[in-house]
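Working notes, beginning with the structure itself.
What you see is a predicted model; the values in this text were computed from it and never measured. In what follows, chains are A, B, ... by sequence order, proteins preceding strands, each numbered from 1.
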Amino acid sequence: MSSLQSSGPRVASHLRVEGLHHHYGDTTVLHGVDLSIDAGECLTLLGPSGCGKTTLLRSIAGLERPHAGQVEIAGQVMSSAGTDVKAVWVPPERRRIGMVFQEWALFPHMSVADNVGYGLERADRSGPMVAEALDLVGLGDLGDRMPHTLSGGQQQRVALARALAPRPRVLLLDEPFSNLDTSLRLEVRTEVHRLLHELEITSVFVTHDQEEAFVLGDRVAVMNDGEIRQVGTPQQVYHRPEDRWVAEFVGSVSVLRGEAIAGSVNTIVGPVSVDADLVGEVDVVVRPEHLALAGVGDATSAIAEVELVEFYGHDAMVFVSLNGHRLQVRTGPMVDVKRGDQVGLRFVGGAASAFPPVPVPAN
Amino acid sequence: MSSRSQTTERGAITVLRVVCGLLAIAFSFPAAYLVWRNFTSDADPLGLLADRRTLEPLWRTLRLAVTVSLSAAILGTAAAWLTTRTDLTGRSIYRVLLPIPLVFPTFIGAAAFIRTMNPGGLVFRLFESVGIELGIELRGFFGSWLVLTLFTYPYVYLPVAARLRRLPAALEESARVLGDTMSQAFRRIVLPQIATSIAAGTLLVFLYTISDFGAVQLMRYDTLTRAIETNYLARPPVAFALSLVLLVLAAIVVVGENAVTRRLPADSGSRSTRTTEHGLGRFSFVGQLIVGLTVLFGVVAPVAALIDWARGSGRPLTVDNATIVEASLNTLSVSVVTAVVAVLAVAPIAFLVARRNDRFGRYAHAAVIATFALPGILIALALRFWTLRAGAIGNAFADTHAVLIFAYVVRFASLAMGVTLVAVRSVPDRLHDAASMLGADRTRRLRTIDLPLMGPGLLAAAGLVLLSTMKELPISLLIAPLGFQTLTTRIFGSFQEAFVAEAGIMALVLVAMSSVLTWFLVLRRADHL
């Protein structure tokens, strides 16, 4: 546990975003975004590139000025704009928000310690607060180094220490791991995960990586085209997607079409129970782990042909073709099928999500 | 993109816009004045445009500029290829020596060449010692062509060498593996890659040649600039007509240069780590001849001539140290002031353009960049006549340092513009964002982020202006205050008088100062050109 927490006030604050609109010229990037993040909670903003998640984060920070809507931290209005509201604007430097940037944005002409001390009161800039912040990220002895002499992982940690040192009320992280290579990314991710929990700081973490969003977020907000499509715990978002786009964006899916009758859909892999009150033709969205391979002779299974096997070590993915449909099946690491094999296919999940059908693309 | 702090900064932006507007007017003034004089004079200057007195200098200017451009392009490209892509012996030494002619003002080069062939000169004495009376006088078209080629080819050599060094060896190797011979690969792969660099450098040489005054004056070759100088007191309308022709010619060249530069490939920033070195084999003799003669005539000969000249070479040695010191200090002080003023002038413009992409900033930027095409003699002419004609205001400014520095700034601020823009852009927005998020207000961001990061760039910009101002001749000659002598005017004057040894020493001082600055500003950064 860090000494930072004991030596000064670190008060987690509630963050609220209401009806946020933003546009660049004719391009609208935020269509009325509402979000509420509890004190001490980590919310991850997940979405494809260009969905507006970074703009939303920068609007919270005060680096973008929304055209309508309100941002509130701990009950104080930070910005407010719109036709019938009193305009309020607190500039970014007075919001007491910490931010870690995608490229880290370390000041290249300042030492690590000067970078970390930049946001502190003048008297504290060379004091113990800098050392504490560096200790927090495990870089206690690198204060005198220049940023460019550090490795990517170390630079990332300096950026985090710099953002945390002034004890911000809210911490914003904009894809902070995207410049790290894969193995390092996982290591740093776990460290940041632990740190965010220990400090119990309110944080918003922007990412386009679904795994990152699930691992770090107490809740995940899925964004597309400037709108929040779903907010929920990672489990809710993964298992109970609210619309078909979310279902397909978070994780792999196979889409099976069938007729819904009394909570069950008859599909090419047999009957699948669904949790939606739909009747008539529907698309059932099935995760790969909800399908299982079986012997060809098994009477309850459909017969499919194996097209590809991707072995990952801890598990494997088998791509099969069934009556012209391509389906993905997750299997254990002991997979023993190969291309061209005939396999049986069964639905083994509980209830799947179903959505009204969309027209099949012409290809 | 960022709409941050629009209201809080609106006032400051308005002030900047007004400043930029005034700067745009100031920078456009000399050229506008020349055009205006042509249309308002009662001596039918427009009729003079088709006159023999105008067309003959134009023809000579074009003839000289085309031949110099061609020879500089060939020489610069050949030298670049030989020193970057072959196993030429001594190429690393040549790489240091080849850019050196850049530090010679062309009139000093011309003076050195003329002097060395004249009675008493180094070459003359050499021939004399073996019993030959040297009768050649290096004058006119040939002399101008030779001197300008020898002192401008680095404008082609430097960018082409930089481009060649960055060209991945794999391109040529692919061509060879696909069946090209060495010369086919050069023609089909290398040449197209360096063509834009050659063109851009060659157009700079062209512009330099049509603007050059010192060399053609000493060589007595009547180009537009020399004709302007000879006519401006006796027949002002002729001088104005000539200046209009020169202005249009320069403008065409610069427009062409811009069009070519735009097509330069975006620099990937990656310098190819592996370079091909073609074996020259039996052609290495030819390579040595080309590069060796270039270095001999462009570097060794002028330096030797200057040293010989400075040593008095047979004449009674009457070196007046006070004169040398005074001229050096004058040059240094006026150049430093010009450099500082120029950077202060372009900084607000660079800021508006780079940070705000502001329309006023872009207008002012265009006005400054356009002055790149403005030969010094035209600025001098315009300001000389303006101070004579503008009544009380003109009288107040006539023969002052203020007008001289204004003229220098108009002439050379465009050199600082690009570097200053790069300096302003070198501070990424995200650093400002990061500083804001850490509680820094605008003043603190400027003090702790902008100035430290932009400092080296601004210094380089000032250095470029300083270097050019030190070497400037026509403006210094025409509008320096009475009795204010710079190194260039002293050297030029004494050349026409009697070759006093001081002039040789002053030329060496100027070349030495210019070399040091060039090394700091150009060669050390040659890879980034």
Partner of A:Pro176 under side-chain contact (heavy atoms from CB on, under 4.5 Å), picked from A:Gln102, A:Met99, A:Arg157, A:Gln156, is A:Gln156
Please walk me through it: do B:Ser468 and B:Tyr408 pass side-chain hydrogen bond (donor to acceptor under 3.5 Å, both in side chains)? CA-CA 9 Å; B:Ser468 304; B:Tyr408 282 147; over 6 Å; no
Tell me, out of A:Ala163, A:Pro166, A:Gly25, A:Pro108, who's got the most heavy-atom pairs with chain B below 4.5 Å. A:Pro108
Given the options A:Gly98, A:Ala61, A:Ala159, which has more heavy-atom pairs under 4.5 Å with chain B than any of the others? A:Ala61
Could you walk me through whether A:Gln76 and A:Arg96 pass side-chain hydrogen bond (donor to acceptor under 3.5 Å, both in side chains), step by step? CA-CA 12 Å; A:Gln76 295 167 287; A:Arg96 291 191 48 212; over 6 Å; no
Cation over ring face, B:Arg17 and B:Tyr363, 6.0 Å, 45°: no
Has A:Arg95 got its NZ or CZ under 6.0 Å from the middle of the six-membered ring of A:Trp89, at an angle within 45 degrees of the ring axis? yes
Ranking B:Leu438, B:Thr448, B:Leu453 by heavy-atom pairs under 4.5 Å to chain A gives rank one to B:Leu438
Please state whether the side chain, the backbone, both or neither of A:Phe101 comes within less than 4.5 Å of a heavy atom of chain B. side chain
Any sub-3.5 Å donor-acceptor pair from B:Arg445's side-chain atoms to B:Ala440's backbone N or O? yes
Selection residues 104-115 of chain A - residue pairs positive for salt bridge (charged side-chain N to carboxylate O under 4.0 Å, His left out), sequence neighbours left out: none
Sort by residue number and list every residue of residues 144-155 of chain A having at least one heavy atom under 4.5 Å from chain B. none
Does some side-chain heavy atom of A:Met78 sit less than 4.5 Å from a side-chain heavy atom of A:Ile97? no
